[in-house]
Amino acid sequence: MAEYGGYDPHPAQDVPLELFREATAELHRRLRDNYPFFHPRYAGQMLKPPHPAAVAGYLSAMLINPNNHALDGGPATAAMEKEVVADLAAMFGFPRHLGHLTSSGTIANLEALFVARETHPGKAIAHSADAHYTHGRMSHLLGVEAVPVATTAAGTLDLDALEDLLRTGRIGTVVATTGTTGLGAVDPVADVVALARRYGARVHVDAAYGGFFRLIADDTADGVAAAPFRAIADADSVVIDPHKHGLQPYGCGAVLFRDPAVARHYLHDSPYTYFTSDELHLGEISLECSRAGAAAAALWLTTRVLPLTPDGLGAVLRPGRRAALAWAGLIGDSAELAVFQPPQLDIVSYFPPRDTLSEIDRVSAHVLEAGMRRAPEEALFVATYTVSGADLARRGHAVREDVPRGRILRSVLMKPESEAHVPGLHREIVRLSRV
């Protein structure tokens, strides 16, 4: 900034230093009204702080405030974005690709479904009944029919039900999920691709939550099943959220297409942008307009120090996977808790065994609320997941269904530090469930 020469800032933006101090102090007081997402005793939702490299990268670029919509707004960060998107495409095994970062996984999925509508007009979107609600919501926004498909007892897309639906000829695109946000279930992507191709449908993979597990999809003891993640290379599009397991601040999603020719669906013109270069401007292949170049800088810097390799970012994911497996083992050996279904990624679902669904719901709610009410140095934070008696029965848990639905417990162990805290978390949740 200094190389362009000094100038006098306009006094219109000046504020009294004492006023700024007071406002900042109030901001810090208000920020205390938050859950400790950074702490290993927070095992609730899929939230954690960004890596220091991401913070440094974001802050450095934010001071310039580039806009990655066009090279006119941020040539350096646009180049960084193209590089990190190419790295993501290589991670998924796309030989060629078209893609960009987005402000969220929701917008990334919107873009994928937009292209689905344009390539298969008049056709419906099929997705797992346990897939993220964004698919139904974005399909409604696009004026496209969305059809939920039944799931198996493992929470994955039921292939028989999918084939029955594909036979009708209504479906243009099938959404497979590699890591549902509720249970972390991973759909059988290879089988989904084979079925979709047989009936002329395309495949979109929602890997917003679980996509980075591709780095440890090696069938090892502390890895995850390889086949579903390797099959993403055969899909037509994929979405991933670096602001989840990619250690980035919100918001940073990404959408990638295997066929660069889908760029034709984005065609538009603007009389006052895209004039500084004949190179591709990211705004020419995205539905969003202004986007923070700082998000690209943050991801670029993070992947320079933690590359998208098994020994780089993959080493950050393995402790959470081990933590989930270890906790499931402790629960399996316990009389006070039961595993709802085995973890496929790093989400553990469990419940206090009781005779009725209403009692399971009551005790689960107590664990959630009592854990949060403890003093800060002892507080623990979990989440709940709503199920029916039939959901429990399909997984071998017999209960009397005296209410239509009830809550069980759910924990996301996405911080590496979770591994060391699993025994303590288990012990305290068992203690709370006895009350």
Can you check whether [X] reaches [Y] side chain to side chain, under 4.5 Å on heavy atoms?
X	Y	value
Leu282	Arg291	yes
Thr177	Leu157	no
Val189	Val193	yes

More than 12 foreign heavy atoms under 6.0 Å from CZ of Phe37: is that the case here?
yes
Check this for me: does any side-chain nitrogen of one of [X] and [Y] sit under 4.0 Å from a carboxylate oxygen of the other?
X	Y	answer
Lys415	Asp346	no
Asp164	Arg167	yes
Glu163	Arg198	yes

Minimum heavy-atom distance between [X] and [Y], given as atom pair plus value:
X	Y	value
Leu313	Gly246	CD2-CA, 4.3 Å
Ser60	Ala56	OG-O, 2.7 Å
Gln248	Leu299	OE1-N, 3.0 Å
Asp222	Arg321	O-CG, 3.4 Å
Gly169	Lys123	O-NZ, 2.6 Å
Arg197	Val203	NH1-N, 3.9 Å

Using a 3.5 Å distance criterion without hydrogens, assess whether the side chain of [X] forms a donor-acceptor pair with backbone atoms of [Y].
X	Y	result
His421	Arg41	no
Asp241	Tyr209	no
Glu81	Leu101	yes
Gln341	Leu183	no

Go through Phe212 and Val316 one step at a time and tell me if the side chain to side chain contact (heavy atoms under 4.5 Å, CB included) criterion holds.
CA-CA 10 Å; Phe212 285 108; Val316 181; over 6 Å; no
For the pair Arg170 and Leu165, evaluate side chain to side chain contact (heavy atoms under 4.5 Å, CB included) and give the outcome as yes or no after the intermediate values.
CA-CA 8 Å; Arg170 296 164 54 198; Leu165 184 59; 3.7 Å; yes
Polar side chain donor-acceptor pair, [X] to [Y], under 3.5 angstrom:
X	Y	result
Ser388	Asp391	yes
Glu288	Ser103	yes
Asp130	Ser128	no

Between His397 and Phe351, what is the ring plane arrangement, given parallel below 30°, perpendicular above 60°, and tilted in between?
perpendicular
Parallel under 30°, tilted from 30 to 60°, perpendicular over 60°: which one fits the rings of Phe229 and Phe213?
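Judged by the thresholds at 30° and 60°, the geometry between Phe229 and Phe213 is tilted.
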Test Asp206 against His135 for side-chain hydrogen bond (donor to acceptor under 3.5 Å, both in side chains), laying out the working first.
CA-CA 9 Å; Asp206 182 356; His135 300 294; 2.8 Å; yes
Go through the steps for Thr309 and Asp311 under the test side-chain hydrogen bond (donor to acceptor under 3.5 Å, both in side chains), then give the verdict.
CA-CA 5 Å; Thr309 63; Asp311 294 331; 5.8 Å; no
What's the separation between atom CD1 in Ile347 and atom OG1 in Thr180, rounded to the nearest 0.5 Å?
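So the gap between those two atoms works out to 6.5 Å.
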